[in-house]
Every structure is written in structure tokens, then in C-alpha cells.
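Along the sequence shown, residues are numbered consecutively beginning with 1.
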Amino acid sequence: MSRLDFDVAIIGGGPTGCVLALLLARYSAHPERIALLQSGHASQYGFTPDSDPRVLALNHGSRVLLESLGAWPTEAAPIQTIHVSQKGRLGRTVIRHSDFDVPQLGSVVRYGHLHHSLMQAVEASGVQVRSGLAAQVTMQDASSVSMMQDGQLLRAALAVQADGQPNTPVQREYTQMALLTRARVSLPRKGWAFERFTDQGPLAVLPHPHATDAQSIVWCCSPERAQALKLMSPRDFSAALSEMFGTRLGTFSVDGPVTPVPLRMNVRSNTVDGRCVAIGNAAQTLHPVAGQGLNLGLRDTAALAIACRDWLADPSQDVSPSLNHFKHMRQPDRQLTALLTDSMARTFTSGLPPLEHLAGLALLGMDALPMARAPLARHLLQGLRR
């Protein structure tokens, strides 16, 4: 058999792909035989890493992982308290970092800053980075996977799809759009993050690393309402946001572009196909409620790197046992996280008063009994541990 170009080819240069490259480089005696095939073009929403307006909410477990890789960005806003409430209904709960003996529950970072930190670490790791059009798998056989990037044929023993969307039918189209923007508030509360459920979808208000009074906004609402809000002047949008959120942070003043993003859930039942494996957004697309998407993807990367650690010592051997171990190890966490985010996204917008009141009572119960909120909070903090 002719020598392959790479032992592992990672398709996608976003945070998930970069973290996997760094983890595999740790375990491989030949990191130069790991390739990160990134696309130099805009994402599906028209963003490049430098122009991407998103911020990312990373939980405590994700921060520990990124710090261990030397890739934590220099600018981050800590989340020490999470306040969960429901507009127009009884009940709220507050989760504090002191409940779990951690310095903070999570952090908010800019996508561009995180990507820059990760790419610096990748370039210093010995991993080969190739930029161009998005690479595509063309075929695979018992010993290798063939891919094309910019008209060039590449072959690897293992291909990992780390960017894009699952290539399976969408399981749920939410009747919601997410509006992403940034705002200033008149009464900032350092280290506080808010998740406010409304009759059209959740409204997340997170501390933004830009300034102490800056907040990142993820406002989920109906497509019709999203379109109307998008067309408003900054002043009118700010007034609508203040009315929807309430007075806990004073008044809002939007000072960034408003970017609409469609919402859907799509979870691959099988993340492994021969010598190809999907992780992160390529394996599951979730509702943004509770900010679990990237955190779940980073847990995918850690599990895949551990599963392939022994195989990397001799990539000529069969990789199937490692991939099957990864698949079964990740299934419970992926399924539970998808179930939790889907349930939260839909329960509070059911339009059924008894169900919404019941959800409010559940929030009230979690606030009154710390033991009742601990399982949910721990899952959001670090995922399902086996």
C-alpha cells in the first residue's frame, strides 16, 4: 500500500477542529501527519473568523480544556451567576458558582479571539494547516479516505468532519429565529448571565468582553417578529428589548448589528461511517438555549482524541475499534443534551398555560431546593460524565 498523505485529516478549521488537532498532536509521535483542512471562505451565515459577530458561552469544563492547550483567549467575560426566569409566569431560579466550588460557571469570548488563539496554538503544534475551498470526502475503502481540496487529491487513514451541518434530514424546524446583537445597559451586573423564557422563545443576555456594561444578546422569537425587529431603528429595537427583558439591568441601548440566524435541531444517530467520523456541528445542530452547542462539540473532541490515542501509535492498524468506542461513549451525552435543549426551547413556548405554569413551578422548586437544580446545573457545567 502506498504511503498516505496523512494519518488524520480534520475537515473544518473552526474551534472544534482546532481543538481536536491540538489534542491529537499531543498523542501522536508525528504531529506533521495530522492535517487541519480549513476553508478560507465565509461560513454558511456569511461570516469569516475576523468578521464573525458571535460570542461563545463556554462552560467551566470547556475553559479547563482550552487552558490546558494554551489556547484560552486573553479577553473573556466571566459568568459567575446565572438567573433563569419566565416572562409573565411565576418562578425563577439562580445558579451560583459557589454552589459548585468553581471560580466561575463559564465565560463569554468573542469567536474571532478564540479562533485566533487556537490557530496560534495549532501552528506551533506541528500540525499541517491547509487553507482553501472546503474539503470534500470523495470516497473511502478499507484502508483510507480520499478527499479533494482545491482540485488536489488527499488521502488519510482517518477523516474527521468537524464543521458544517449533519448530512441527515432536519429533525425539528423551530418556528423561531435567533437575533444576535450587542447592547449596553444602564445598570450592569458583573458576572451575571440571564436566560429569560418568553412566549416566542428564550432571550439570553450575557456579559460581553467588550466592556463592563456591554451585553451579548441572543433573542429567539418568531420569524415574523424577527423580521419586524430587524427593520426597527436602533432606538426602537432597544426599547422593545428593554420591555421584553424587564428592569434587572436597567435600560438597553443596542450598539451592534442585528444578525438573524434560523434555528433547527438535527442530531446524527450514527456519527461513524467507516473511516469517517463527525463531531461538533457536523454531528449535531442544537437550539442555542443554554449555550450548549460548542461545549458539546468540545466534549466530542476530547472523547475522540482519547479513543484514538492508542491507534495513533500505529495508524496502519484498524481504526474501527477506536471509532466504535468513541461512538458509544458519546451517545448518552449527545442524546441527553439534545433532549434538554429541545425541551427547554419548546416547553416555555407551548402556548398551553398549565404547562407553562408547571415549568414556572419547576423553576421555583429548583430555586428553593439546591439539590433539585444540581443535576441540570452540573450537566450544563460539564456534560454527562460516565
Side-chain angles (χ1 to χ4, degrees), residues 53-55 57 77 79 81-95 108 174-208 210-211 213-263 287-292 341-353 355-364 367:
R54 293 174 295 173
V55 295
I79 297 174
T81 306
I82 300 175
H83 184 285
V84 185
S85 64
Q86 183 180 193
K87 182 175 174 59
R89 303 290 187 201
L90 179 68
R92 60 91 162 144
T93 193
V94 178
I95 303 170
V108 180
Y174 296 103
T175 56
Q176 298 172 17
M177 296 279 287
L179 294 177
L180 312 181
T181 190
R182 189 180 70 192
R184 301 292 184 108
V185 293
S186 60
L187 298 174
R189 303 181 73 171
K190 185 177 180 180
W192 282 67
F194 297 84
E195 189 86 64
R196 186 152 174 80
F197 291 94
T198 78
D199 60 358
Q200 290 195 1
L203 167 60
V205 178
L206 310 174
H208 195 290
H210 176 69
D213 64 342
Q215 307 291 313
S216 173
I217 310 299
V218 183
W219 188 352
C220 301
C221 53
S222 69
E224 296 77 17
R225 176 67 167 154
Q227 179 64 17
L229 288 166
K230 180 75 169 65
L231 295 175
M232 285 183 181
S233 67
R235 180 177 179 179
D236 289 342
F237 187 100
S238 300
L241 179 58
S242 298
E243 190 281 328
M244 182 62 70
F245 181 78
T247 60
R248 290 184 178 90
L249 293 173
T251 57
F252 287 78
S253 177
V254 173
D255 69 345
V258 178
T259 305
V261 176
L263 301 179
H287 193 284
V289 64
Q292 287 301 292
T341 56
D342 183 51
S343 298
M344 286 190 285
R346 295 190 300 124
T347 297
F348 293 91
T349 60
S350 66
L352 302 173
L355 183 58
E356 292 173 4
H357 281 301
L358 185 63
L361 289 174
L363 290 177
L364 191 63
D367 198 54

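- Residues Cys220 and Leu263 have side chains in contact (heavy-atom distance under 4.5 Å, counting atoms from C-beta outward).
- Side-chain contact between Leu180 and Val258 is absent, with no heavy atoms from C-beta onward closer than 4.5 Å.
- For the 3.5 Å distance criterion, the side chains of Gln292 and His287 fail to qualify, holding no donor opposite an acceptor.
- Counting only distance, with no hydrogens or angles, the side chain of Ser216 and the backbone of His208 share no donor-acceptor pair below 3.5 Å.
- Using a 4.0 Å cut-off between charged side-chain N and carboxylate O, Arg182 and Asp255 make a salt bridge.
- The main-chain N or O of Gln200 is never found under 3.5 Å from a side-chain atom of Ser222 such that the two would form a donor-acceptor pair.
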Please report the C-alpha distance between Thr198 and Cys221 in whole Å, then the side-chain angles of each, then the deciding distance to 0.1 Å, and finally whether the side chain to side chain contact (heavy atoms under 4.5 Å, CB included) criterion is met. CA-CA 8 Å; Thr198 78; Cys221 53; over 6 Å; no
Test side chain to side chain contact (heavy atoms under 4.5 Å, CB included) applied to Arg196 and Val205, step by step: CA-CA 8 Å; Arg196 186 152 174 80; Val205 178; over 6 Å; no
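- A heavy-atom distance below 4.5 Å is not found between the side chains of Thr181 and Thr259.
- Between the CD atom in Gln86 and the CG atom in Asp199 there is a gap of 9.5 Å [rounded to 0.5 Å].
- Side-chain atoms of Ser233 come within 3.5 Å of backbone atoms of Asp236 as a donor-acceptor pair (strictly under, hydrogens ignored).
- Counting heavy atoms from C-beta on, the side chains of His210 and Gln215 never come closer than 4.5 Å.
- When each of Trp219, Phe194, Phe197 is checked for a ring pair (Phe, Tyr, Trp, His ring centres under 6.0 Å) with Phe245, only Phe194 meets the rule.
- Gln176 contributes atom CD, which lies 11.0 Å from atom CG of Leu179 (distance to the nearest 0.5 angstrom).
- Put simply, the side chain of Ser186 gets close to the backbone of Thr251: a donor and an acceptor are under 3.5 Å apart.
- Taking all atoms of both residues into account, the shortest heavy-atom contact from Pro223 to Thr175 is CD-O, 3.5 Å.
- Taken to the nearest 0.5 Å, the CE atom of Met244 stands 12.5 Å off from the CD1 atom of Ile217.
- Rounding to the nearest 0.5 angstrom, the gap separating the CE atom in Met232 from the OG atom in Ser238 is 10.5 Å.
- Residues Leu241 and Ala183 come closest through the heavy atom pair CD2-CB, 4.4 Å.
- One finds the CG atom of Leu187 at 13.0 Å from the CZ atom of Arg248 (value rounded to the nearest 0.5 Å).
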Let me see the working for Val261 and Met177 under side chain to side chain contact (heavy atoms under 4.5 Å, CB included), right down to the final yes or no. CA-CA 6 Å; Val261 176; Met177 296 279 287; over 6 Å; no
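- Ring planes of Trp192 and His83: tilted class, angle from 30 to 60°.
- Note that CZ of Arg225 is 15.0 Å distant from NZ of Lys230, once rounded to the nearest 0.5 Å.
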